[in-house]
Visitor: 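Here you go, one structure.
Residue numbers begin at 1 in each chain, while the letters A, B, ... track the order of the sequences.
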Number of protein chains: 2
Amino acid sequence: MIRDCGGMSSEKPKDRHHHGNLRAALIEAGIALLTEGGLDALTLRKCAARAGVSHAAPAHHFDGLDGLRVAIAEEGFDRFRRRMLAYADAAPQTPRDRLFGICRGYLAFARQEPALYDLIFSFRANSRMIEDLEEGSAPSYMVLRDSCAPFQPAGADPVILETQVWSLVHGYAMLILTGRFGDTSARDEEFLAVLDRIIAPPLSP
Amino acid sequence: MIRDCGGMSSEKPKDRHHHGNLRAALIEAGIALLTEGGLDALTLRKCAARAGVSHAAPAHHFDGLDGLRVAIAEEGFDRFRRRMLAYADAAPQTPRDRLFGICRGYLAFARQEPALYDLIFSFRANSRMIEDLEEGSAPSYMVLRDSCAPFQPAGADPVILETQVWSLVHGYAMLILTGRFGDTSARDEEFLAVLDRIIAPPLSP
DNA sequence: GCTCCAATTTGACACTGTAAACTTGACATT
DNA sequence: AATGTCAAGTTTACAGTGTCAAATTGGAGC
């Protein structure tokens with residue numbers, strides 16, 4: 001039986017008790033399970049089986065199922081962030097185009113990896129997990145924040161505008177996942193047009 | 001042992017095989033579990049225990065755990081709808097005030113019953129459950145739709161504005177539940193002020 | 001009294017997370 | 001080379017879960 005270490009280099013099946021990079025392999029297996037079967041399909045035992053180790057092996061790398069979920073969410077946030085940046089960098093570099101690019105990347109990630117998107121936003125306030133995830137999620141939030149910064153009205157609470165933009169896109173993505181409006185992305189641009197209203201400077205008296 | 005039927009009328013403990021209104025009692029028990037312990041605490045067996053019946057009893061009233069979740073979500077959507085209407089009716093009856101009232105009720109429900117809010121929006125596209133829930137969720141969506149209707153620009157796709165408002169509030173509620181911005185509701189009015197920009201009529205050329 | 005029926009229980013099974021004890025290989029020290 | 005130590009996985013066991021089939025029960029209708 002060939003032991004797939006999950007890495008790109010083909011290593012020999014060393015021995016029975018040192019996988020080499022089991023932690024990464026388990027995360028990879030977990031993402032695959034997630035992609036194939038949704039949130040409920042993510043299971044410690046199935047992860048272990050897919051990585052070719054015994055069912056209790058993951059306990060030595062993560063703090064239980066919640067720990068595995070947090071670890072996968074860290075990887076998920078990283079992909080999320082990179083997706084947003086990729087879309088932003090592909091757009092002309094006016095602040096407005098950049099903001100729109102970020103939002104398009106946001107929606108693209110939700111559509112292309114819905115289960116992973118579900119996972120990273122499945123942690124609730126005041127849980128131990130969301131504290132553990134703080135470090136992994138902060139960079140993604142920073143990307144959103146930065147793209148809103150050029151439109152902050154002077155003297156206003158900077159959190160407001162940022163929260164408005166963020167809520168809009170987050171809510172749209174969530175509603176897409178519920179299938180409420182048949183998801184075609186055909187209406188995305190019409191929808192995102194409201195961003196121009198949100199970022200418009202305050203009316204001068 | 002006194003058998004609590006979950007209803008408001010005190011009925012005698014009839015017998016061991018005819019509960020009387022077990023379905024409603026199970027839903028009630030499920031909501032209690034949800035409130036106390038979040039989504040993961042909702043369990044067929046714990047529901048049965050709390051209703052004072054055997055562990056397999058729920059199977060005869062719901063189609064498995066998913067069926068129970070759908071049934072609870074139906075009740076949840078109903079409470080959700082009534083909460084929005086209560087806030088809307090408490091406001092002065094201009095279309096704008098009504099829209100703001102609906103949105104405040106939306107946020108109030110998410111804050112006051114976070115687990116129930118999580119449950120009703122936990123079903124994903126193309127699942128059997130979301131089809132079963134269609135009938136129960138439609139009235140809530142209709143409430144939102146109606147409150148946006150007065151602001152629809154003539155000739156435009158009516159779905160756009162509605163989706164924008166809805167996404168904004170939905171996203172805000174979701175982000176509140178994740179605890180991203182310490183939830184005080186102090187900033188709600190500042191946040192909701194963006195609604196005036198969204199519903200403003202299109203610029204005349 | 002009798003049968004029939006629907007509601008509920010009982011018992012069983014597979015799967016899950018978790019914890020404890022055990023095994024194994026790698027490495028450092030001597 | 002022998003030894004000890006340690007981290008990585010394994011094995012075993014247990015409680016909780018959803019689900020199914022079969023048995024039980026009490027009431028309704030005759």
Visitor: Is the NZ or CZ atom of B:Arg82 both under 6.0 Å from the centre of the six-membered ring of B:Phe80 and within 45° of that ring's axis?
Guide: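 No, B:Arg82 and B:Phe80 do not form such a contact.
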Visitor: Mind checking B:Ala57 for me? I need base, sugar-phosphate or nothing, with any heavy atom below 4.0 Å counting as a touch.
Guide: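 Base: the residue B:Ala57, judged by heavy atoms under 4.0 Å, touches a nucleobase.
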Visitor: Can you tell me how far P of C:dG25 sits from CG of A:Leu22, to the nearest Å?
Guide: 17 Å
Visitor: What heavy-atom pair brings B:Leu44 and B:Gly64 nearest, and what distance separates the two atoms?
Guide: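 Minimum heavy-atom separation between B:Leu44 and B:Gly64: CD1-C, 4.1 Å.
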Visitor: Given D:dG9, is OP1 or OP2 found less than 4.0 Å from the side-chain N or O atoms of A:His61?
Guide: yes
Visitor: Is any NZ, NE, NH1 or NH2 atom of the basic residue among B:Glu36 and B:Arg50 found under 4.0 Å from an Asp or Glu carboxylate oxygen of the other?
Guide: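 Between B:Arg50 and B:Glu36 there is a salt bridge, with a charged N closer than 4.0 Å to a carboxylate O.
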Visitor: Out of D:dC20, C:dT8, D:dG18, which has the shortest distance to the side chain of B:Leu65?
Guide: D:dG18
Visitor: Would you call A:Arg111 and A:Asp188 a salt bridge, using N to O less than 4.0 angstrom?
Guide: yes
Visitor: Let me spell it out: for each of B:His60 and A:Asp63, pick the nucleotide of DNA chain C with the closest heavy atom. Which residue's pick is nearer the 5' end?
Guide: B:His60
Visitor: To the nearest angstrom, how far is B:Asp66 atom CG from D:dT17 atom P?
Guide: 16 Å
Visitor: I need the CZ-C1' distance between A:Arg23 and D:dG9, as an integer number of Å.
Guide: 17 Å
Visitor: In whole Å, what is the span from the CZ atom of B:Phe62 to the P atom of D:dG18?
Guide: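 Checked: the CZ to P distance equals 13 Å.
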Visitor: Check the angle between the aromatic planes of A:Tyr106 and A:His170 and answer parallel, tilted or perpendicular using the 30° and 60° thresholds.
Guide: perpendicular
Visitor: Taking DNA chain C as the partner, which of residues 41-48 of chain B come within under 4.0 angstrom of it by heavy atom?
Guide: B:Arg45
Visitor: Give the C-alpha distance, both sets of side-chain angles, the deciding distance and a yes or no for salt bridge (Lys or Arg N to Asp or Glu O under 4.0 Å) between B:Arg23 and B:Glu28.
Guide: CA-CA 9 Å; B:Arg23 187 189 154 91; B:Glu28 199 61 34; over 6 Å; no
Visitor: For D:dT12, does the base pair up with any side-chain atom of A:His55 as donor and acceptor (N or O, under 3.5 Å, distance only)?
Guide: yes
Visitor: What is the distance, to the nearest angstrom, from the CG atom on B:Leu26 to the C1' atom on C:dT9?
Guide: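 Roughly 14 Å, once rounded to whole Å.
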